[in-house]
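These notes are about the structure you will find just below.
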Amino acid sequence: MESLLGLSEHEQQIWDQMASSLEAELGIADVTEPLRQTTGNESKPTSEPKKKALDSRRILWGSLGALLGIVLLLVGVTLGYQLSGIIVGLVGIGFMVAGVYYALSNPFQSEHKKTDKPAKTGSFKAKQQEKFRQRGQQQA
């Protein structure tokens, strides 16, 4: 197995032992594959789509809806066992459930975020990975 992340020989042996034990326990073909993908030591190309960042607007509005639901539930509790208190409490529970559902139902970027701007060349993560690879080559 090739050296991962510029590990020393002793660290590499420990890594191999841990990887083989995990492979045996979990039944995974190659535990080190995700690490190779991030370090550039890829053994085979991956065809998995890249995950997009969470949409902060959906999370914000969903959280506000859930917070409003908590407030309505508390108001319903303070009104007591009257019909209006029960209705306000149930509406509050509905707002809480709807807010959480809205925030989590589409966790990836929605269509309004997509623009016709050209993509930037190289993301921050890609640049940091390249710097890390260069440091590893300089040390070797």
Side-chain angles (χ1 to χ4, degrees):
M1 190 179 281
E2 70 236 22
S3 176
L4 299 171
L5 297 174
L7 299 175
S8 70
E9 192 172 316
H10 177 67
E11 292 168 333
Q12 184 66 39
Q13 289 173 353
I14 293 172
W15 175 264
D16 292 339
Q17 289 173 357
M18 289 189 321
S20 62
S21 120
L22 277 173
E23 290 169 3
E25 287 178 22
L26 301 176
I28 299 173
D30 191 5
V31 175
T32 60
E33 185 62 30
L35 188 57
R36 281 198 196 103
Q37 291 172 4
T38 60
T39 59
N41 300 329
E42 297 177 10
S43 60
K44 57 186 174 183
T46 60
S47 61
E48 296 178 17
K50 293 183 179 181
K51 293 183 179 180
K52 297 178 183 178
L54 292 173
D55 188 2
S56 58
R57 287 185 184 179
R58 287 187 75 88
I59 293 173
L60 175 69
W61 286 109
S63 300
L64 289 175
L67 186 63
L68 176 65
I70 291 171
V71 169
L72 286 174
L73 180 64
L74 290 174
V75 168
V77 167
T78 58
L79 290 176
Y81 289 112
Q82 300 172 1
L83 183 61
S84 60
I86 293 172
I87 292 174
V88 170
L90 289 175
V91 169
I93 291 172
F95 266 95
M96 285 190 293
V97 170
V100 171
Y101 179 76
Y102 180 76
L104 299 178
S105 64
N106 187 7
F108 301 109
Q109 286 184 343
S110 59
E111 296 297 322
H112 68 77
K113 288 258 181 175
K114 295 182 181 179
T115 60
D116 294 334
K117 295 179 185 176
K120 294 181 181 177
T121 56
S123 66
F124 176 76
K125 183 178 178 182
K127 291 176 186 177
Q128 293 300 318
Q129 287 176 346
E130 183 60 33
K131 287 180 184 179
F132 184 76
R133 282 190 209 107
Q134 290 174 355
R135 271 188 272 148
Q137 290 172 355
Q138 290 173 354
Q139 291 175 355

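When reading the values below, keep in mind they use all heavy atoms of this one structure, side chains included, and skip hydrogens, waters and symmetry mates.
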Checklist entry - Any link between Val88 and Leu83 through a network of hydrophobic side chains (Ile, Leu, Val, Met, Phe, Trp, Tyr) touching at under 4.5 Å? => result yes

Would you mind writing out the side-chain donor-acceptor pairs for residues 67-80 within the sub-3.5 Å range, not counting sequence neighbours?
residue, atom, partner, partner atom, Å
Thr78, OG1, Leu74, O, 3.3
Thr78, OG1, Val75, O, 2.7

Checklist entry - How about Gln128: does its CD atom have over 12 heavy atoms from other parts shown lying under 6.0 Å from it? => result yes

Item to check | Residue pair Ala103 / Gly62: nearest heavy atoms and the distance that separates them | outcome: CB-CA, 3.9 Å

Item to check | Lys127/Glu130 ion pair, N-O < 4.0 Å | outcome: no

Checklist outcome for this item: One should read off an interatomic distance between Gln137 CD and Phe132 CZ, to the nearest 0.5 angstrom, of 11.5 Å

Checklist entry - Taking Gln13 for the side chain and His10 for the main chain, is one N or O donor matched with an acceptor at less than 3.5 Å? => result no

Checklist entry - Got a donor-acceptor contact below 3.5 angstrom from the Arg58 side chain to the Tyr102 backbone? => result yes

